[in-house]
Amino acid sequence: MSFAVPDGVRPVRDAVYAFMTERVEPAEPVLHAGGPDAAAALDELRAEAKKEGLWALGHPRELGGGGLPFLDYVYVNEVQGRSEFGQLALGTFTLQDSLMLHEHASPEQRERYLEPLVRGDIWPSFAMTEPTISSSDPTQIKTAAVLDGDEWVINGHKWFTTGASRAAYTTVMCRTEQDASPHLAFSMILVPTDTPGYRIVRETPVLGLDGAHCEVRYEDVRVPAANLLGPRGHGFVIAQQRLGPGRIFHCMRWLGQAQRAFDLMCRRLQERTAFGEPLAKKQLMRQHVFDSYTEIQAARLLTLNAAEAVDAGKQARVEIGAIKVVGARMLHNVIDRAIQVYGAAGLTPDTPLDRMYRHARAGRIYDGPDEVHIDSVGRRVLGEYAAGGNWEFGLR
């Protein structure tokens, strides 16, 4: 495996890099401010991306996307990840939900949700996490749906339903089977957000960032029985299919964030002087460069390895679990060092590092906390030895 971008991917990656650095990143102050100006700026960026053939590059071609293979998408997504607005501007924020619908949606669901989703005409949201249970044990989910005639009646309480305040619908994980085994007791149901009884309690700020992470109550919410996504009782199967690649998507974008922080740090070291010489002359500052370099390179190879395994049709649970933990830690560490190099300025909004740092810390929790992935990877590797085998790295 090579770190280098393949020749066939280089042109589109270069185009995305130019789009990010010349248009998206300069627009961040307006986009962060919110309001009508931010909405207009984002609409303009989206229109430009579509015009230049950069829209939805990771979506399958049959859905109207760019059709990039999973491994190739790493090289593009790591550039797109330089800004938190990259996936919004380039139409990839719907990828997880689009792939999920592509696999499991009925013809009617595809027409109502999937096609406008890929075009960027509507926003999705996904509800799994609940405030009263440990999200690392989703078999304890309390939100339930009961079939009443030809309607599902849903009652429950979710939070961290990202984007629900502007989404057209939410895919809700809820208990539908009372006597089934825990992993066959839950189903996915599509709930339009304008359905009576769907009540947004609040948008929960995360480390001071307003990210539209919504707390939602479901109070006798009624939707047609046909809104069931996939087979009844297969919610866990669908969730794993959605969350596995989604974790790699996060890691891809984290590489872009880390690259941006690394660039900022190295340029600051060259430009800033202390005690009569550039900071770049200080050995302790060079230590920051060394540590960041090695962590980024290691995380990047692990990300490419996980993507290659997914491309080969493997579940890649060890590879995905490992990079989710290593990637989140790497991102936090690299941004933390960049802030240290900037000193007091790194604590202010004068650079993008303060927002990047807060986003990075959340990465160690969402889509499964570090501890769950660490335990899972350790258990699976040791399972190979318990079965009389081993974990030969050169053959994996």
Side-chain angles (χ1 to χ4, degrees), residues 96-97 99-110 112-114 124-162 164 169-193 195 197-198 215-247 313-318 320-321 366-369 371-373 375-377 379-380 383 387:
Q96 281 180 266
D97 294 272
L99 293 176
M100 179 175 65
L101 292 178
H102 188 40
E103 179 71 22
H104 298 286
S106 67
E108 293 78 15
Q109 292 168 349
R110 294 174 70 90
R112 180 172 181 180
Y113 299 111
L114 180 54
S125 56
F126 184 81
M128 191 167 179
T129 305
E130 298 183 0
T132 60
I133 67 164
S134 170
S135 294
S136 56
D137 183 13
T139 62
Q140 302 304 305
I141 285 175
K142 304 300 183 186
T143 299
V146 177
L147 197 59
D148 181 20
D150 60 355
E151 290 184 321
W152 288 107
V153 182
I154 305 172
N155 283 280
H157 186 193
K158 300 285 189 180
W159 72 341
F160 286 88
T161 304
T162 304
Y169 73 98
T170 299
T171 305
V172 183
M173 176 83 146
C174 50
R175 180 181 289 274
T176 56
E177 320 305 313
Q178 297 305 314
D179 300 322
S181 63
H183 288 91
L184 292 174
F186 298 87
S187 301
M188 295 288 189
I189 299 177
L190 305 176
V191 179
T193 54
T195 304
Y198 182 102
E215 181 178 351
V216 182
R217 291 275 187 181
Y218 296 80
E219 300 166 343
D220 290 328
V221 172
R222 288 180 171 269
V223 297
N227 282 30
L228 180 72
L229 180 66
R232 182 168 171 170
H234 280 60
F236 271 98
V237 174
I238 298 172
Q240 284 304 314
Q241 290 174 347
R242 180 185 189 276
L243 293 173
R247 289 169 179 140
K314 300 177 183 178
Q315 288 187 327
R317 290 183 176 175
V318 167
I320 292 172
Y366 58 67
D367 278 6
E371 292 80 2
V372 171
H373 294 297
D375 180 72
S376 176
V377 170
R379 174 168 45 83
R380 291 178 186 281

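None of the values given here were measured: they were computed from a predicted structure. The figures here come from the full heavy-atom set of this structure, side chains too, leaving out hydrogens, waters and symmetry mates.
When the side-chain contact (heavy atoms from CB on, under 4.5 Å) test is applied to Val153, the partners found at least two apart in sequence or on another chain are Asp148, Asn155, Asp220, Arg222. In this structure, the side-chain hydrogen bond (donor to acceptor under 3.5 Å, both in side chains) partners of Thr162, at least two apart in sequence or on a different chain, are His213. Looking at residues two or more places apart in sequence or on another chain, you find a side-chain contact (heavy atoms from CB on, under 4.5 Å) between Ala225 and Leu147, Trp152. Qualifying salt bridge (Lys or Arg N to Asp or Glu O under 4.0 Å) partners for Arg175, counting only residues two or more places apart in sequence or in other chains: none. In this view, Glu219 and Arg199 satisfy the salt bridge (Lys or Arg N to Asp or Glu O under 4.0 Å) rule, not counting sequence neighbours. The side-chain hydrogen bond (donor to acceptor under 3.5 Å, both in side chains) check on Gln96 picks up nothing, with sequence neighbours excluded. The side-chain hydrogen bond (donor to acceptor under 3.5 Å, both in side chains) search around Asn227 returns none, not counting sequence neighbours. The salt bridge (Lys or Arg N to Asp or Glu O under 4.0 Å) check on Arg232 picks up Glu177, with sequence neighbours excluded. Phe126 is linked by a ring-ring contact (aromatic ring centres under 6.0 Å, His included) to nothing, counting only residues two or more places apart in sequence or in another chain. Every residue two or more places apart in sequence or in another chain that forms a side-chain contact (heavy atoms from CB on, under 4.5 Å) with Thr195 is listed here: Val191, Pro192, Val221, Val223. Remark: Thr170 pairs with Ser125, Tyr198 by the side-chain hydrogen bond (donor to acceptor under 3.5 Å, both in side chains) rule, at least two apart or across chains.
Between the side chain of Gln140 and the backbone N or O of Thr132 there is no donor-acceptor pair closer than 3.5 Å. With hydrogens and angles disregarded, a donor-acceptor distance shorter than 3.5 Å links the side chain of Glu130 to the backbone of Thr143. Of the possible polar contacts, one joining the Lys158 side chain to the Met173 backbone as a donor-acceptor pair under 3.5 Å is found. Although no hydrogens or angles enter the test, the distance criterion places no donor-acceptor pair under 3.5 Å between the side chain of His157 and the main chain of Pro131.
Taking both residues in full, the closest heavy atoms of Gln109 and His104 are given as OE1-O, 4.3 Å, listed atom of the first, atom of the second, then distance. When all heavy atoms are compared, the tightest approach of Gln315 to Ile320 is O-CD1, 3.7 Å. Considering all non-hydrogen atoms of both residues, Ala145 and Ile154 come closest at CB-CG1, 3.8 Å.
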Worked check of side-chain contact (heavy atoms from CB on, under 4.5 Å) between Leu190 and Arg112: CA-CA 11 Å; Leu190 305 176; Arg112 180 172 181 180; over 6 Å; no
Pair Thr171-Arg242, side-chain contact (heavy atoms from CB on, under 4.5 Å): steps then yes or no: CA-CA 11 Å; Thr171 305; Arg242 180 185 189 276; over 6 Å; no
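A distance of 11.0 Å separates CG in Leu101 from CD in Glu103, rounded to the nearest 0.5 Å.
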Solution key, residues 182-189 side-chain donor-acceptor pairs under 3.5 Å, sequence neighbours excluded:
unit_1: Ser187; atom_1: OG; unit_2: Thr176; atom_2: OG1; d: 2.7
unit_1: Ser187; atom_1: OG; unit_2: Gly233; atom_2: N; d: 2.8

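For Tyr113 and Tyr169, the ring centers are positioned less than 6.0 Å apart.
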